[in-house]
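Labels below follow one simple rule: chain letters A, B, ... track the order of the sequence lines, proteins then strands, and each chain is numbered from 1.
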Amino acid sequence: AVLKKRLVKLVVNFLFYFRTDEAEPIGALLLEHCRITKEEENIFSISFIEEPERKYCFECASEEQCQEWVEALKRASYEFLRRSLIFYRNEIQKMTGKDPLEQYGISEEARFQLGTHQQ
Amino acid sequence: MKLNERSLAFYATCDSPADNSGFLYKRGERHTAYHRRWFVLKGNMLFYFEERESREPVGVIVLEGCNVELCDSAEGFAFAIRFSGNKSRTYVLAAESQAAMESWVKSLSRASFDYMRLVVRELEKQLEEMRWGPAGRCGGSREPPGSWKPKQCPERLPALPAILPKENGCAVWNNALGAGQAPNTSGCGGNDDEGTPRPPPLPPRRRVLNGEAAVESPSTFCQLHERYSREVARLRQDWLEKQRGPRP
């Protein structure tokens with residue numbers, strides 16, 4: 001496989017990639033239901049649940065940069081954010097007895113309920 | 001621009017629960033006729049299908065950087081998703097009832113990743129203040145100043161550990177976290193590198209006193225006010241009653 005140099009930008013739950021001298025992205029990856037794997041030195045890969053054998057590989061300039069990206073990408077999904085929200089809400093509720101989402105008027109939303117979405 | 005369309009389609013049609021779904025009329029781009037489509041909102045993505053049973057969406061609207069507003073046109077129950085910028089596009093949709101319209105406008109206006117991130121950051125801040133007190137946030141106790149990195153999930157909080165069921169290394173949709181569990185950072189779910197679940201972090205200096213968990217860490221002024229104001233209110237009540245004395 002040929003390695004191509006790309007400018008890569010993580011914006012919300014999308015990973016955009018650009019040719020280094022262009023302003024418009026060539027493409028984007030939606031980062032949901034995906035797995036970020038640290039491969040060999042300086043390399044990580046992204047694969048998706050519906051096609052796990054297909055890996056999008058990225059080689060970084062350094063091991064440090066690689067770790068930084070792996071950590072950032074693992075937290076990039078909307079689903080991760082949602083689970084974080086539910087976790088923090090639960091923690092705060094345990095400590096204070098109050099639901100911190102009430103002040104935002106979103107405490108009744110189905111998407112934030114513990115245990116309503118089970119698989 | 002290329003997109004991992006297959007992944008998008010999978011996300012749209014997999015059995016993870018939708019945040020909202022239903023029939024809406026969508027006004028065409030070139031021809032202003034309305035087409036009835038089946039809409040599915042998941043996260044910050046609004047997918048639409050030709051039919052409810054369609055196996056693939058015909059389109060998707062990414063709900064970032066947009067405004068959701070009611071239409072003042074006479075077309076019943078219409079609302080718009082408006083994007084700004086050069087290549088701006090406004091999607092005009094119409095629901096089949098007032099209730100449906102209100103439900104959609106509410107869920108769409110809070111669907112963005114940015115909104116979620118804002119709420120999560122606020123909750124993180126609250127939790128930190130409860131654990132470390134407001135002084136801890138000014139770079140005092142824990143980390144050298146300037147180490148605050150405005151990432152999506154600042155590293156100053158203990159890493160959110162994982163105890164979620166895995167499927168192909170990805171967390172399945174599961175909000176049933178149980179006690180102290182949290183989303184993890186290996187894959188999009190799963191366990192640490194060795195595959196063993198890490199226990200959730202304990203809040204600092206938490207002891208059980210008389211059967212109640214008591215947080216010993218420095219309280220915020222709010223908590224102190226709360227606690228002492230209750231005591232003062234009670235004392236005042238007692239005093240007032242004594243003043244009134246027994247009445248015939």
State, yes or no, whether a side-chain contact exists between A:V11 and B:F113 at a heavy-atom distance under 4.5 Å. no
Over all heavy atoms of both residues, which pair between [X] and [Y] is shortest? Give the atoms and the distance, please.
{"X": "B:Q126", "Y": "A:P100", "result": "OE1-CB, 3.8 Å"}
{"X": "A:R82", "Y": "B:M116", "result": "CA-CE, 3.6 Å"}
{"X": "B:M1", "Y": "A:A28", "result": "CE-CB, 3.8 Å"}
{"X": "A:E91", "Y": "B:L127", "result": "CB-CD1, 3.9 Å"}
{"X": "A:L85", "Y": "B:L123", "result": "O-CD1, 3.9 Å"}

Quick check on B:S112 against chain A: is it the side chain, the backbone, both or neither that has a heavy atom closer than 4.5 Å?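 The backbone, not the side chain.
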Considering heavy atoms only, which positions within residues 58-66 of chain B lie below 4.5 Å of chain A? B:V62, B:E64
Quick check on A:L101 against chain B: is it the side chain, the backbone, both or neither that has a heavy atom closer than 4.5 Å?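 For A:L101, the side chain is the part near chain B, not the backbone.
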How about CD on A:E64, more than 12 heavy atoms from neighbouring residues, nucleotides or ligands closer than 6.0 Å, or not? no
Looking only at side chains, do B:E122 and A:Y88 share a donor and an acceptor under 3.5 Å apart?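 The criterion, which ignores hydrogens and geometry beyond distance, is not satisfied for A:Y88 and B:E122.
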Are B:S7 and A:E32 close enough that a side-chain donor and a side-chain acceptor fall under 3.5 Å? no
Between B:R6 and A:E50, does any side-chain N to carboxylate O distance fall below 4.0 Å? no
